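Only one structure is covered here, and it is reproduced in the block below.
Chain letters run A, B, ... following the sequence lines, proteins first, then strands; residues in each count from 1. Keep in mind it's a predicted model, so treat the numbers as computed, not measured.
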Number of protein chains: 2
Amino acid sequence: MFSKACEYGIRASIFIALNSFEGKRVNPKEIASEIDSPVAFTAKILQALVKHKVINSVKGAHGGFEIEKNKINSIKLSDIVDAIDGNTIYEGCGLGLKACDEARPCPMHDKFKTVRDELKTMLESTNLETLALDMKGGDTFLKR
Amino acid sequence: MFSKACEYGIRASIFIALNSFEGKRVNPKEIASEIDSPVAFTAKILQALVKHKVINSVKGAHGGFEIEKNKINSIKLSDIVDAIDGNTIYEGCGLGLKACDEARPCPMHDKFKTVRDELKTMLESTNLETLALDMKGGDTFLKR
DNA sequence: TATAAATAGGATAAATTTATCCTATTTAAA
DNA sequence: TTTAAATAGGATAAATTTATCCTATTTATA
Ligand code: FES
Ligand code: FES
């Protein structure tokens with residue numbers, strides 16, 4: 001469904017949000033350990049998320065990655081997916097035609113579009129705050 | 001969403017079904033041309049579909065790929081996806097955890113599972129006959 | 001101001017997916 | 001029985017994704 005990079009990116013963002021609630025910055029090493037991902041690859045993904053303004057980075061001593069507290073509830077899963085995997089999951093044809101075009105649809109179009117739109121709605125209506133709070137309660141996990 | 005191989009596999013299966021209705025076998029070259037895919041790679045995918053008994057192959061002169069007419073309406077999209085991409089799209093964790101486990105769910109689990117299950121239902125309730133008949137009517141297309 | 005801690009980013013490597021090419025085998029028909 | 005047409009399958013290559021490593025730059029603090 002999503003690329004590895006995107007999976008790591010979402011997991012990392014949730015972990016960063018969780019820590020940002022407590023005013024704590026985190027570094028790639030800690031993130032990778034908590035989400036069970038390769039650290040250098042994770043660092044690259046964090047760079048991309050910074051570039052897309054999903055998260056913030058602070059360089060130098062006492063630096064790290066964070067998300068402004070008051071922004072956590074406005075960052076949607078779709079923002080992260082957009083930043084890393086782009087929009088093909090939302091807009092692309094399920095059978096891989098060059099574009100999904102109502103005027104010249106593939107045989108799967110009608111049924112696929114329904115599911116794809118629900119995925120889009122789900123990702124656009126789920127924010128980091130919601131996800132992080134579940135974790136805080138100990139109900140959900142970022143690795144297993 | 002699906003791999004390229006899977007996209008080609010579905011498109012090829014629909015085209016084969018369409019021809020099998022008229023008792024006509026088709027070869028990789030014709031298939032690749034009609035679904036706009038690389039011919040040798042498509043041939044490999046056809047082999048896999050034969051191995052998984054989604055389609056039939058007939059070797060030698062006058063051979064080609066076909067689907068038994070009375071089987072066309074029992075072959076579901078999920079059969080093709082299973083054969084090529086396996087079951088991670090149905091069973092796997094959306095955030096890439098080693099397994100999707102209700103007892104230790106990822107933060108996206110509840111919302112993701114809903115969408116994933118709908119995708120599964122869609123793929124399991126859509127058969128090749130339905131898809132091919134739409135195409136016969138000229139309402140849908142396998143390339144653009 | 002020197003040092004240590006931290007992210008940024010370039011270069012490269014490994015793994016996987018996508019794609020091509022060639023030969024072997026099978027089969028219908030001349 | 002020979003030939004031509006067709007799928008099967010192995011070997012290889014290209015492209016993309018995933019992953020690692022090293023150096024540059026930035027910044028707080030001693
Ligand atoms: S054209 Fe294929 S999903 Fe819309
Ligand atoms: S545990 Fe992640 S989707 Fe179920």
Side-chain angles (χ1 to χ4, degrees), chain A residues 1-13 16 19-20 24-33 35-67 81 83-86 88-89 92 95-96, chain B residues 1-13 15-16 19-20 23-33 35-67 81 83-86 88-89 92 95-96:
Chain A
M1 179 83 68
F2 306 115
S3 69
K4 275 286 157 203
C6 192
E7 292 172 354
Y8 297 152
I10 296 173
R11 277 148 62 189
S13 298
I16 294 166
N19 281 274
S20 292
K24 197 183 156 217
R25 289 176 188 149
V26 284
N27 59 53
K29 192 179 163 193
E30 190 180 358
I31 296 170
S33 160
I35 72 174
D36 192 25
S37 67
V39 55
F41 188 42
T42 302
K44 281 275 188 282
I45 296 159
L46 294 170
Q47 276 183 35
L49 290 174
V50 169
K51 196 162 284 177
H52 283 85
K53 299 177 190 289
V54 171
I55 63 179
N56 268 124
S57 71
V58 178
K59 282 184 178 178
H62 291 54
F65 294 91
E66 62 181 13
I67 305 176
V81 174
I84 302 176
D85 281 350
T88 54
I89 197 98
L95 289 190
Chain B
M1 177 85 69
F2 307 116
S3 68
K4 275 285 156 206
C6 192
E7 292 173 352
Y8 297 153
I10 295 173
R11 277 146 65 187
S13 297
F15 179 70
I16 294 167
N19 280 276
S20 292
K24 196 183 158 217
R25 290 175 188 150
V26 285
N27 59 53
K29 192 179 162 192
E30 191 179 358
I31 295 170
S33 159
I35 72 174
D36 192 23
S37 67
V39 54
F41 187 43
T42 303
K44 280 274 187 285
I45 296 160
L46 294 170
Q47 277 182 35
L49 290 174
V50 169
K51 197 162 284 177
H52 283 84
K53 298 177 191 290
V54 171
I55 63 179
N56 267 124
S57 71
V58 179
K59 281 185 179 177
H62 291 50
F65 294 90
E66 63 181 13
I67 305 175
V81 174
I84 302 176
D85 280 351
T88 53
I89 196 98
L95 290 190

Rounded interatomic separation in angstrom, taking [atom1] from [X] and [atom2] from [N]:
| X | N | atom1 | atom2 | result |
| --- | --- | --- | --- | --- |
| B:N27 | D:dA4 | CG | P | 18 Å |
| B:F65 | C:dT27 | CZ | C1' | 15 Å |
| A:K29 | C:dA6 | NZ | P | 10 Å |
| A:Y8 | D:dT17 | OH | P | 15 Å |
| B:I84 | C:dT17 | CD1 | C1' | 13 Å |
| B:I31 | D:dA6 | CD1 | P | 12 Å |

Just to confirm, is there a sub-4.0 Å distance from OP1 or OP2 of C:dA6 to any side-chain nitrogen or oxygen of A:S57?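 No, no such contact exists.
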Not counting sequence neighbours, which residues clear ring pair (Phe, Tyr, Trp, His ring centres under 6.0 Å) with B:Y8? List them please.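 Per chain and number, B:Y8 pairs via ring pair (Phe, Tyr, Trp, His ring centres under 6.0 Å) with B:F41.
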Strictly under 4.0 angstrom, non-hydrogen atoms only: write out the protein contact profile of nucleotides 25-30 of chain D, one letter per nucleotide from the 5' end, B, S or -. -BBS--
Who passes side chain to side chain donor-acceptor pair (under 3.5 Å) against [X], sequence neighbours left out?
| X | value |
| --- | --- |
| B:N19 | none |
| B:S13 | none |
| B:D85 | B:S3 |

For DNA chain C, which residues of residues 36-51 of chain B approach it to below 4.0 angstrom with any heavy atom?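 B:P38, B:A40, B:F41, B:K44 - these, ordered by number, are the residues of the stretch whose heavy atoms sit under 4.0 Å from the strand.
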In Å and rounded to the nearest 0.5 Å, what is the CD1 to CD1 distance from B:I45 to B:I84?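 Answer for the CD1-CD1 pair, B:I45 versus B:I84, is 6.0 Å.
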Among all residues two or more places apart in sequence or in another chain, which pass the salt bridge (Lys or Arg N to Asp or Glu O under 4.0 Å) test with B:K4?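 Partners of B:K4 by the salt bridge (Lys or Arg N to Asp or Glu O under 4.0 Å) criterion, ordered by chain and then number, come out as B:E7.
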Test: side-chain hydrogen bond (donor to acceptor under 3.5 Å, both in side chains). Region: residues 50-63 of chain A. Which pairs qualify, not counting sequence neighbours?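 Applying side-chain hydrogen bond (donor to acceptor under 3.5 Å, both in side chains) to every pair that reaches into residues 50-63 of chain A, excluding sequence neighbours, yields nothing.
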Watson-Crick or G-U wobble partner for D:dT26, using a 3.5 Å limit on both distances?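 D:dT26 is paired with C:dA5.
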Tell me, please, which residues at least two apart from A:Q47 pass side chain to side chain contact (heavy atoms under 4.5 Å, CB included).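 Once residues adjacent in sequence are excluded, the partners of A:Q47 under the side chain to side chain contact (heavy atoms under 4.5 Å, CB included) criterion are A:K44.
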